[in-house]
Amino acid sequence: MSEIVFAKPDPYDFLETDALLSEEETLLRDTVRDYVEKEINPHVADWWDEGVIPHAELAKAFGDLGMLGMHLEGYGCAGTSATAYGLACMELEAGDSGIRSFVSVQGSLVMFPIWKFGSEEQKQTWLPRMASGEIIGCFGLTEADSGSDPASMRTSAKRDGSDWLINGSKMWITNGSIADVAIVWARTDDGIRGFIVPSDTKGFAAPEIKKKASLRASVTSELILDDVRVPDEFLLPAVSSMRGPLSCLNEARFGIAFGAVGAARSCYESALAYAGEREQFNQPIGSFQLTQRKLVEMMVSVQRGTLVALHLGRRKDNGELTPEQVSFGKFDNVRNALEVARTARSILGANGITLEYPVFRHMANLETVFTYEGTNEIHTLVMGQAITGLNAFT
Ligand code: TGC
Ligand code: FAD
């Protein structure tokens with residue numbers, strides 16, 4: 001029988017989940033962590049405050065690091081495991097959810113549909129330049145009146161000779177105003193189809209949505225499509241139903257299940273350090289039972305989220321992961337991250353409301369993460385349907 005060992009637990013990795021990573025995964029994780037610590041963390045609070053990001057520089061840097069479409073094979077993509085992609089999302093989101101979004105959208109929502117549903121010519125044309133960061137993409141599914149129910153979209157595409165004419169608008173589109181190309185999902189006589197729309201096409205506009213109080217280190221836009229004409233070669237040939245966009249969402253939601261743990265970890269680490277330094281009543285606030293309770297809840301939540309994410313990663317790498325299991329990860333890890341961020345905020349007292357610490361920024365960002373890529377309620381209903389066999393969406 002193996003016996004329990006007596007060893008001092010690591011406050012930053014209580015269950016020693018690092019031991020679950022391969023050498024290659026650890027190296028990749030550490031490379032991204034190092035990049036985030038050196039190149040993102042010193043600046044991101046200012047970017048967030050000002051509502052701007054150096055998108056071209058970031059795209060180039062992420063391209064050089066092989067992080068764009070990193071889990072796709074061929075066409076200049078790194079071809080890593082899904083778990084490695086998840087770990088990169090975790091480190092990026094420990095920096096800021098908006099930075100992780102930038103990478104998720106490019107890889108999971110723009111490159112993935114071209115890779116999965118595109119023609120060989122489309123793959124050759126777009127993927128290498130997107131992998132290197134030369135070209136930035138966005139993903140247009142949501143509309144002002146079609147959020148949780150994207151199948152109700154009004155944007156339409158009609159054949160006109162050998163071309164298509166696209167009309168409509170999309171709302172809340174990450175990277176919209178800075179994108180060189182948009183994947184636009186539209187209703188056609190033949191079902192829901194995806195189009196590759198270069199942003200310099202006549203009739204296409206992408207005004208930025210301002211005054212956001214969340215995900216400020218990320219560009220969010222409306223897409224306007226006014227008689228946008230694209231040739232048939234810009235239609236994604238291999239899908240003609242909601243399976244197209246929803247397959248992309250599986251990929252991005254998987255990354256978010258990892259990413260949210262990164263944001264939570266950053267909040268926990270901030271609160272732990274603060275609780276050790278800040279004194280009230282002549283004692284560190286970490287010595288109070290009520291504070292310790294909060295710290296332990298946060299630590300447990302981060303460790304549990306890490307285990308869930310890694311489990312999903314292994315299942316994806318084995319070809320076993322289901323959309324409902326992705327919903328489990330997105331649902332549970334994001335709601336827990338939000339709770340961790342709120343708890344960390346309380347430990348930091350008044351300092352917790354400033355941008356001097358990452359906590360409030362993460363907390364505000366996580367309100368978006370709770371909503372996009374399927375709200376918490378939508379993922380509840382996906383899992384509810386899976387366990388009862390009953391549809392409660394309508
Ligand atoms: P339903 O009628 O059940 O199915 C329609 C077709 O889709 C297939 N399908 C899936 N395929 C792949 N993955 C999934 N998860 C799928 N779920 C369903 C299904 O087999 C069927 O295929 P076919 O070929 O037989 O026609 O679907 P529905 O239209 O009733 O939708 C169900 C529901 C509510 C779960 C879905 O609409 C949903 O997930 N809604 C939430 C919307 C959402 O998540 N939007 C996200 C927008 S993108 C975004 O937020 C980006 S944020 C980016 C960032 O900054 O990180
Ligand atoms: P609604 O669908 O109107 O939901 C409002 C409330 O009603 C929610 O609480 C919801 O859970 C609840 N609800 C809805 N239906 C049901 C039901 N059947 N049962 C119970 N409750 C229900 N979209 C893109 O396509 N591309 C992007 O790049 C993108 N980026 C985004 C970036 C940001 C910063 C944000 C905030 C959003 C982004 N989105 C993007 C849009 C996002 O996916 C939607 O906001 C999300 O799907 C929810 O849609 P909605 O906001 O219209 O809310």
Side-chain angles (χ1 to χ4, degrees), residues 51 89 92-93 96-110 112-113 116-117 136-153 155 169-179 182-185 187 190-194 206 208-223 238-257 259-260 321-327 330-331 334-335 364-386 391-394:
C89 288
L92 290 171
E93 197 149 354
D96 191 272
S97 301
I99 304 300
R100 194 268 309 135
S101 261
F102 188 88
V103 169
S104 303
V105 168
Q106 181 89 345
S108 288
L109 296 181
V110 183
F112 175 78
K116 175 86 180 157
F117 303 119
I136 296 174
C138 70
F139 175 86
L141 177 64
T142 304
E143 300 181 358
D145 295 329
S146 299
S148 296
D149 180 20
S152 66
M153 71 176 70
T155 298
S169 63
K170 298 287 173 180
M171 194 65 182
W172 304 112
I173 306 305
T174 300
N175 291 350
S177 315
I178 56 172
I183 299 293
V184 174
W185 297 95
R187 174 175 303 289
D190 183 27
I192 302 293
R193 307 295 308 254
E208 188 172 351
I209 298 170
K210 297 285 193 182
K211 299 193 192 243
K212 286 182 300 171
S214 171
L215 216 75
R216 289 183 52 76
S218 173
V219 171
T220 314
S221 316
E222 185 181 358
L223 304 184
V239 74
S240 59
S241 83
M242 282 302 292
R243 187 171 58 82
L246 294 178
S247 302
C248 307
L249 298 186
N250 294 334
E251 300 298 311
R253 291 166 176 173
F254 169 81
I256 290 173
L321 188 64
T322 68
E324 293 81 4
Q325 290 166 348
V326 174
S327 283
K330 201 277 179 180
F331 165 88
V334 175
R335 69 171 177 173
N365 287 340
L366 286 164
E367 292 291 347
T368 284
V369 182
F370 192 74
T371 288
Y372 70 22
E373 291 287 357
T375 63
N376 176 269
E377 291 79 10
I378 289 299
H379 291 294
T380 306
L381 298 182
V382 168
M383 291 187 286
Q385 183 171 14
N391 178 339
F393 287 104
T394 50

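Whatever order the structure lists them in is the order used to number ligands and atoms, beginning at 1. Computed from a predicted model, the values in this text were never measured in an experiment.
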Point to revise | Derivation of the side-chain contact (heavy atoms from CB on, under 4.5 Å) call for Phe102 and Asp96 | key: CA-CA 10 Å; Phe102 188 88; Asp96 191 272; over 6 Å; no
Any protein heavy-atom neighbour for [atom] (distance below 4.0 angstrom)?
| atom | answer |
| --- | --- |
| atom 3 (O) of ligand 1 | no |
| atom 7 (O) of ligand 1 | yes |
| atom 27 (C) of ligand 2 | yes |
| atom 11 (N) of ligand 1 | yes |
| atom 31 (C) of ligand 2 | yes |
| atom 40 (C) of ligand 2 | yes |
| atom 21 (C) of ligand 1 | no |
| atom 6 (C) of ligand 2 | no |
| atom 33 (C) of ligand 1 | no |
| atom 28 (P) of ligand 1 | no |
| atom 39 (O) of ligand 1 | yes |

Exercise for review: Could you establish whether Glu373 and ligand 2 come within less than 4.0 Å of each other, counting only heavy atoms on the residue side?
Suggested key: yes
Please state which option from [options] has its nearest heavy atom closest to [atom].
| atom | options | result |
| --- | --- | --- |
| atom 41 (C) of ligand 1 | Ser241, Ser108, Ser148, Ser97 | Ser148 |
| atom 46 (C) of ligand 1 | Leu249, Thr368, Thr394, Val369 | Leu249 |
| atom 35 (C) of ligand 2 | Thr368, Thr375, Ile378 | Thr368 |
| atom 2 (O) of ligand 2 | Gly147, Ser148, Ser101 | Ser148 |
| atom 18 (N) of ligand 2 | Tyr372, Phe139, Trp172, Phe393 | Phe393 |

Taking distance alone, with no angle check, do [X] and ligand 1 share an N/O pair under 3.5 Å?
| X | answer |
| --- | --- |
| Thr174 | yes |
| Gly374 | yes |
| Ser101 | yes |

Review point. Would Met171 and Ile209 count as a side-chain contact (heavy atoms from CB on, under 4.5 Å) if you check the C-alpha gap in whole Å, the side-chain angles of each, and the deciding distance to 0.1 Å?
Key: CA-CA 9 Å; Met171 194 65 182; Ile209 298 170; 3.8 Å; yes
Please identify which atoms of ligand 2 are closer than 4.0 Å to at least one heavy atom of [X].
| X | value |
| --- | --- |
| Glu377 | 9 (O), 10 (C), 11 (O), 21 (N) |
| Thr174 | 27 (C), 28 (O), 29 (C), 30 (N), 31 (C), 32 (C) |
| Leu141 | 25 (O) |
| Ile173 | 24 (C), 25 (O), 26 (N), 27 (C), 28 (O) |
| Leu215 | 34 (C) |

Using a 4.0 Å heavy-atom cut-off, which part of [X] comes near ligand 1: side chain, backbone, both, or neither?
| X | value |
| --- | --- |
| Phe139 | side chain |
| Asn250 | side chain |
| Ser247 | both |
| Leu109 | side chain |
| Val105 | side chain |
| Arg253 | side chain |

At the 4.0 Å heavy-atom cut-off, does [X] count as touching ligand 1?
| X | answer |
| --- | --- |
| Asp149 | no |
| Ala252 | no |
| Gly147 | yes |
| Val239 | no |

Donor-acceptor pair, distance only, cut-off 3.5 Å: does the side chain of [X] make one with the backbone of [Y]?
| X | Y | result |
| --- | --- | --- |
| Thr368 | Ser214 | no |
| Lys170 | Trp185 | yes |
| Ser177 | Ala206 | yes |
| Lys330 | Val369 | yes |

Review point. How far apart are the C-alpha atoms of Arg253 and His379, what are their side-chain angles, what is the distance that settles it, and do they pass the side-chain contact (heavy atoms from CB on, under 4.5 Å) test?
Key: CA-CA 10 Å; Arg253 291 166 176 173; His379 291 294; 3.4 Å; yes
Review point. Taking non-hydrogen atoms only, is Thr142 closer than 4.0 angstrom to ligand 2 via side chain, backbone, both or neither?
Key: both
Study note, to complete from the structure: Paired with Ser148, the side-chain contact (heavy atoms from CB on, under 4.5 Å) test is passed by just one of Ile378, Thr371, Leu381, Thr142, namely Ile378
Practice item. Run through Leu249, Val326, Val334 and flag the one making a side-chain contact (heavy atoms from CB on, under 4.5 Å) with Glu373. Key: Leu249
Check your understanding: Which protein non-hydrogen atom lies closest to atom 19 (N) of ligand 2, naming both residue and atom, and how far is it?
Key -> Leu381 CD1, 3.4 Å
**Study point:** Nearest neighbour in protein (non-hydrogen) for atom 46 (C) of ligand 2
**Key:**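 Ranked first by proximity to atom 46 (C) of ligand 2 is Thr371 O, 3.5 Å.
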Provide the number and element of each atom of ligand 1 under 4.0 Å from a heavy atom of [X].
| X | answer |
| --- | --- |
| Ala151 | 29 (O) |
| Arg100 | 56 (O) |
| Thr142 | 47 (C) |
| Pro323 | 15 (N) |

Exercise for review: Let me see the working for Ser247 and Lys116 under side chain to side chain donor-acceptor pair (under 3.5 Å), right down to the final yes or no.
Suggested key: CA-CA 9 Å; Ser247 302; Lys116 175 86 180 157; over 6 Å; no
Point to revise | Polar side chain donor-acceptor pair, Ser101 to Tyr372, under 3.5 angstrom | key: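 Indeed, the side chains of Ser101 and Tyr372 share at least one donor-acceptor pair under 3.5 Å.
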Point to revise | CA sep, side-chain torsions, deciding dist, call: Glu93, Leu366, side-chain contact (heavy atoms from CB on, under 4.5 Å) | key: CA-CA 10 Å; Glu93 197 149 354; Leu366 286 164; 4.2 Å; yes
Point to revise | Intermediate values then yes/no, side chain to side chain donor-acceptor pair (under 3.5 Å), Thr155 and Glu143 | key: CA-CA 8 Å; Thr155 298; Glu143 300 181 358; 2.6 Å; yes
